Amino acid sequence: RKPLGKSAHLDKYGEIQITQLPPLYRGEAHIEHFDSVDAFADDCLLSDKFDPRDALAFGVPRKGDINEWDVVTKDKEDAGSLARTAENFHWRADTPAIMLLDLDGFDGVTNMTAADSDSRLCRVAPWLEPARRIYVPSSSSCIYAEDSDGDVLLSRKIAFHCYLAVDDGSLIPDIGRALVKALIEAGEGHVRFARDGGVLLRTLVDGAVWQPERLDYAFGVTLDSDGD
């Protein structure tokens, strides 16, 4: 198995460089069930069973009777395998699911805290407050190097993933859209310009992560030979 997500190394100037690794083309997948978002955090996010070669996905196969399968590309599919496509995965109605909020930060702030993020979210969307929310640093955040004066933060920004449980997984895209809309209406949105001149609307929450087949690289980055 190969590492997924991102790798990190120090360049010759001592600056951290983050590299996107190749996507998952082949692997093995299975479904795990948790009684609560706290159990999910304890038994999955914070467990030593997983490492950067592993990833999460929160949608389920459209084939309702499948619990384990091989991950392949579309052209390699057979009876025991699935490609990671929207045609193969969905949010199952009337079934609890984990929802991911990917908080990339807000304009002008590089080292936000989970409390900062949560406060902003609940201010614009108070309907989130009753939900139990678990925050963990994103995979490329909180990378430190040892130093004689103490650990030195290398990551250029601190960002978070927030996880919450919803009663009906099929509502996750609607909840996400409502949250993004609330942020924009509260003045928490901003515009970035792509290299091709396109206009990109951004908020504290990434609005492109609620596809059921999408992977969450939740288990850290791979530090290469120059990392510590």
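For clarity, every value in this text was computed on a predicted model and none was experimentally measured.
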[atom2] on [Y] to [atom1] on [X], rounded to 0.5 Å:
{"X": "Ile98", "Y": "Ile134", "atom1": "CD1", "atom2": "CD1", "value": "9.0 Å"}
{"X": "Met99", "Y": "Leu101", "atom1": "CE", "atom2": "CG", "value": "5.0 Å"}
{"X": "Ile143", "Y": "His9", "atom1": "CD1", "atom2": "NE2", "value": "11.5 Å"}
{"X": "Arg26", "Y": "Ser81", "atom1": "CZ", "atom2": "OG", "value": "10.5 Å"}
{"X": "His161", "Y": "Leu100", "atom1": "NE2", "atom2": "CG", "value": "5.5 Å"}
{"X": "Lys2", "Y": "Thr222", "atom1": "NZ", "atom2": "OG1", "value": "12.5 Å"}

Do [X] and [Y] have side-chain N/O donor and acceptor atoms under 3.5 Å apart?
{"X": "Asp168", "Y": "Ser170", "value": "yes"}
{"X": "Ser119", "Y": "Asp116", "value": "no"}
{"X": "Asp216", "Y": "Tyr163", "value": "yes"}

Can you give me the closest heavy-atom contact between [X] and [Y], atom names plus distance?
{"X": "Ala8", "Y": "Val221", "value": "CB-CG2, 4.1 Å"}
{"X": "Trp91", "Y": "Gly169", "value": "CB-O, 3.1 Å"}
{"X": "Arg133", "Y": "Ala131", "value": "NH1-O, 2.7 Å"}
{"X": "Ser139", "Y": "Lys6", "value": "OG-CD, 4.5 Å"}
{"X": "Pro173", "Y": "Trp210", "value": "CG-O, 4.1 Å"}
{"X": "Tyr217", "Y": "Leu215", "value": "OH-CD1, 3.8 Å"}

Give a yes or no on whether the backbone of [Y] and the side-chain of [X] come within a donor-acceptor separation of less than 3.5 Å.
{"X": "Asp54", "Y": "Asp51", "answer": "yes"}
{"X": "Arg120", "Y": "Ala115", "answer": "no"}
{"X": "Thr203", "Y": "Ile184", "answer": "no"}
{"X": "Arg177", "Y": "Ile175", "answer": "no"}
{"X": "Arg62", "Y": "Glu87", "answer": "yes"}
{"X": "Arg84", "Y": "Glu213", "answer": "yes"}

Could you go through the side-chain hydrogen bond (donor to acceptor under 3.5 Å, both in side chains) check for Thr73 and Asp75 one step at a time?
CA-CA 6 Å; Thr73 54; Asp75 60 311; 2.6 Å; yes

For the residue pair [X] and [Y], establish whether any side-chain heavy-atom pair is separated by less than 4.5 Å.
{"X": "Leu121", "Y": "Leu179", "result": "yes"}
{"X": "Val205", "Y": "Leu183", "result": "yes"}
{"X": "Asp118", "Y": "Cys122", "result": "yes"}
{"X": "Ser138", "Y": "Leu103", "result": "no"}
{"X": "Leu56", "Y": "Leu45", "result": "yes"}
{"X": "Phe58", "Y": "Pro212", "result": "no"}
{"X": "Asp78", "Y": "Lys76", "result": "no"}
{"X": "Ser7", "Y": "Gln17", "result": "no"}

### Message
Tell me if the CD atom of Glu28 is crowded by more than 12 foreign heavy atoms within 6.0 Å.
### Response
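Count not over threshold, so no.
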
Exercise for the section: Give a yes or no on whether a salt bridge exists between Glu188 and Arg123, defined as a side-chain N under 4.0 angstrom from a carboxylate O. Expected result: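 Salt bridge present between Glu188 and Arg123.
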
Only one of Val71, Asp70, Asn88 forms a side-chain contact (heavy atoms from CB on, under 4.5 Å) with Leu82, so which one is it?
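Answer after filtering Val71, Asp70, Asn88: Asn88.
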
Are [X] and [Y] linked, directly or through other ILVMFWY residues, by side chains that come within less than 4.5 angstrom of each other?
{"X": "Phe89", "Y": "Tyr25", "result": "no"}
{"X": "Val37", "Y": "Val209", "result": "yes"}
{"X": "Val180", "Y": "Leu164", "result": "yes"}
{"X": "Ile31", "Y": "Phe219", "result": "no"}
{"X": "Leu128", "Y": "Val166", "result": "yes"}

- request: Name the orientation class of the two ring planes belonging to Phe40 and Phe34 (parallel below 30°, tilted from 30 to 60°, perpendicular beyond 60°).
  value: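 Taking Phe34 first and then Phe40, their aromatic rings stand perpendicular (interplane angle over 60°).
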
I'd like to know whether His30 forms a side-chain hydrogen bond (donor to acceptor under 3.5 Å, both in side chains) with Asn67, so could you lay out the CA-CA distance, the side-chain angles of the two residues, the decisive distance to 0.1 Å, and finally the verdict. CA-CA 6 Å; His30 67 275; Asn67 288 298; over 6 Å; no

